[in-house]
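All of these numbers come straight from a predicted model, not from anything done at the bench.
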Protein chains: 2
Amino acid sequence: MFLSTSEHTLDSKNRVSAPAAYRAEVAGDPHQGLYVFPHPTEGFLEGGGEALIASYKRKLARLPVFDPRRRQLELLILGAARRLDFDATGRITLPKDFIERAGLNGRVVFVGRGERFEIWDAGAFDTALEEARAGARALLEDPAVLDLLGGDEE
Amino acid sequence: MFLSTSEHTLDSKNRVSAPAAYRAEVAGDPHQGLYVFPHPTEGFLEGGGEALIASYKRKLARLPVFDPRRRQLELLILGAARRLDFDATGRITLPKDFIERAGLNGRVVFVGRGERFEIWDAGAFDTALEEARAGARALLEDPAVLDLLGGDEE
DNA sequence: CGATCTATGGGATAGCATGGGAAAATATGG
DNA sequence: CCATATTTTCCCATGCTATCCCATAGATCG
């Protein structure tokens, strides 16, 4: 599972160290590496292991091949995704267009979200995190959320 | 799996470098090479490895041999498909009629879609990609799409 | 306090994409 | 059946980019 948040440096060759925990996460995969694509509408990158891409592929395969929604999603996800392999020291190299799409600028943040993770520009992420914190109290008082997180399971 | 999008040059001899990742994808096939045919109705080429053609063949075999729909589909897919082998530097040579059917004009784009990929004229692809991005927000708000991509799989 | 792992920087190297010439195969006409 | 024209295949050369490799420094852990 991809957890926690960590900041790393994007160097002049567009390389960035992947969090060691993420490398361990995909260490068992056949081609170990991270699969990454720019989010279709938001300004960050989404990533995961082979399992994530395979899951998208299976989900899209439920729609007929000629369904416009399937074709559009394939284009935005499978067509945009790239497998990024680790170098000997555990870094990945980000394609230039990914860097532009996500507005990355030196300091980048990896944010774990369970089955997947996100790569943000540090500045944009700080802003988003502040907003999330500012709204946290109201969120936790929302009856639907209370119910969702509520009692212990079983 | 065929992923990602990359642009290559169609030279004066109708040769174009196949993406290195696609070559790796079919490296294990008995006759390694790409199987390509013009889409029956749209202006691009569809391609894949041996697995793709074998899959079409199996699917068509579900219909009786004399079924007119089977005969028509065989003509449009199996009859149109060609195996394109790589030269020593990893290029394939596109037949002239494929180039005309897809309106290829110097710059061509390979688009990965999982089990298959497509070959587009760069100009036409840029337009299609822009449209897909423009409609992305609405797409991701579509309840059917939310449901499709939504929950984690078991 | 040494051993190991992680993060980062930079030079060297190998692979990829592309162009063009030479040789081989194929087609066309007599 | 041969001669010529055309197409296709093979081979080599080049610039560029990504990858490999080494070095350093800090952090972590017994």
Under 4.0 angstrom, heavy atoms only, what part of the nucleic acid is A:T9 near: base, sugar-phosphate, or nothing? sugar-phosphate

Whole Å only: how far is the CG atom of A:D85 from the P atom of D:dT19? 8 Å

For C:dA7, does either OP1 or OP2 sit under 4.0 Å from a side-chain N or O belonging to A:T89? no

If each of A:R23 and A:S12 is mapped to the nucleotide of DNA chain C with the nearest heavy atom, which maps nearer the 5' terminus, i.e. the 5' end? A:R23

What is the distance, to the nearest angstrom, from the CG atom on A:D11 to the C1' atom on D:dA18? 13 Å

Could you tell me whether the phosphate oxygens of C:dC16, OP1 or OP2, come under 4.0 Å of any side-chain nitrogen or oxygen in B:S17? no

Of C:dG10, D:dC10, C:dT8, the nucleotide closest to the side chain of A:H8 is C:dT8

B:E118 side chain vs B:E46 backbone, donor-acceptor pair below 3.5 Å: no

Do the rings of A:F117 and A:F110 sit parallel, tilted or perpendicular, given the 30° and 60° boundaries? tilted

Across the strands shown, which category fits A:A18 at heavy-atom distances under 4.0 angstrom: base, sugar-phosphate, nothing? sugar-phosphate

Any salt bridge between B:R69 and B:D67, counting N to O under 4.0 Å? yes

When the distance from CZ of B:R91 to P of D:dT8 is rounded to whole Å, what number comes out? 15 Å

In whole Å, I'd like the distance from the CZ atom of B:F86 to the C1' atom of D:dT8. 18 Å

Between A:R101 and A:E42, is the closest basic N to carboxylate O distance under 4.0 Å? no

Within the 4.5 Å heavy-atom criterion, are A:L52 and A:F2 side-chain neighbours or not? no

Can you measure A:E7 atom CD to C:dT8 atom C1' for me and round it to whole angstrom units? 14 Å

Sugar-phosphate, base or nothing in reach of B:A88, heavy atoms under 4.0 Å: nothing

DNA chain C nearest-nucleotide lookup for B:V16 and B:K13: closer to the 5′ end is B:V16

Whole-Å distance separating the OH atom of A:Y22 from the C1' atom of C:dT6: 16 Å

Rounded to whole Å, how long is the line connecting atom NZ of A:K96 with atom P of D:dC16? 13 Å

Integer-rounded Å distance: C:dT18 C1' and B:R107 CZ: 16 Å

